[in-house]
Amino acid sequence: MRRRLIAGNWKMNGSRSSLAELDAIAAAAEAAPGVDVAICPPFTLIERAVARQPGLAIGGQDCHAATKGAHTGCIAATMLVEAGASMVIVGHSERRADQHETDTEVKAKAEAAIAAGLIAIVCCGETAETHRAGETKTVVSSQLRGSLPVAGGDALVVAYEPIWAIGTGLTPTADDVAAVHKTIRGVLVEQLGAERADGVRILYGGSVTAGNAAELLAVPDVDGALVGGASLTAEAFVPIIAAAAR
Ligand code: PEP
């Protein structure tokens, strides 16, 4: 039985004062013992976040595939571990678009993250154009075949995030989410084998809010959520944790 994971992605938002939000988020996580809860703040806040709420899982939003070297502005997975992080998001669509990250690079980052002892949240998702063309399953499957690390199990999490749903208030239908998650589960089995695929959690991400979390989390094969905007305040995030606990 896979434990649900509700992970918040603060993106390039937040400052030291935002860490006060973690107090109520950590309390909600404690009140939901069957749910794993994580917050991925900007790199500069990781160490302070861990110090403020040591019981809450804190993650990074990216890592480099190398352990060190001449990579100005980048951060190694081992550095995230040293800062106290326990997970990292790799291959988010914003990085695939802004930093032109390829599937091969995402795979290398995920491998490095897992080798460093982190949980790797590997993101995938289709554009609005692909969605309209009815090619979502083909495109997501291909992205995953290129991006998945060879390790599986509970060190690996896949986040299905339709790009057109991120930050827009739009979400796919429950049937569409179910169909894509079923496809992803099939790709995991094909790529990793049934045993290693079994522990891999598949999150849905894209405009998850207090209002739609219960419905989305009830979809078959949805093991949790990756939440952007609604993770920035405890007021918006705590009801999503509560929905996962039910
Ligand atoms: C995200 O970017 O990972 C995300 C899911 O954002 P939002 O919840 O704001 O749509």
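Just so you know, ligand 1 is whichever comes first in the structure, and atom 1 is the first atom listed for that ligand. Numbers here simply count residues along the sequence, with the first being 1.
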Checklist entry - Under 3.5 Å, is there a donor-acceptor pair linking the side chains of Q61 and W10? => result no
Checklist entry - Any luck finding a side-chain donor-acceptor pair between T138 and S141 under 3.5 Å? => result no
Next on the checklist: Using a plain distance cutoff, I'd like to know if H92 has any nitrogen or oxygen under 3.5 Å from a nitrogen or oxygen of ligand 1.
Outcome noted: yes
Next on the checklist: With respect to G206, determine whether any N or O atom, backbone or side chain, lies less than 3.5 Å from an N or O atom of ligand 1.
Outcome noted: no
Out of all atoms in ligand 1, which are within 4.0 Å of some heavy atom of [X]? Include the element for each.
X: G229; value: 7 (P), 8 (O), 9 (O)
X: S207; value: 7 (P), 8 (O), 10 (O)
X: N9; value: 3 (O)

Checklist entry - Nearest protein heavy-atom contact for atom 2 (O) of ligand 1: which residue, which atom, what distance? => result K11 NZ, 2.5 Å
Next on the checklist: Students should be able to answer this: which protein heavy-atom is nearest to atom 3 (O) of ligand 1, and at what distance?
Outcome noted: E161 OE2, 2.7 Å
Checklist entry - Out of G167, G228, S231, whose heavy atom sits nearest atom 10 (O) of ligand 1? => result G167
Checklist entry - Does the distance from a Lys or Arg side-chain N to an Asp or Glu carboxylate O, for D176 and K137, drop under 4.0 Å? => result no
Next on the checklist: Assess whether a salt bridge exists between K109 and E101, defined as any Lys/Arg side-chain N lying under 4.0 Å from an Asp/Glu carboxylate O.
Outcome noted: yes
Checklist entry - How are the rings of Y160 and H181 set relative to one another: parallel (under 30°), tilted (30 to 60°) or perpendicular (over 60°)? => result perpendicular
Checklist entry - Does ligand 1 have an atom that lies less than 4.0 angstrom from a heavy atom of A230? => result no
Checklist entry - Linking Ile, Leu, Val, Met, Phe, Trp and Tyr through side-chain heavy atoms less than 4.5 Å apart, which residues share a cluster with L203? => result L5, M87, I89, I119, I121, V157, L226
Next on the checklist: Can you list everything that forms a salt bridge (Lys or Arg N to Asp or Glu O under 4.0 Å) with D154? Sequence neighbours excluded, please.
Outcome noted: none
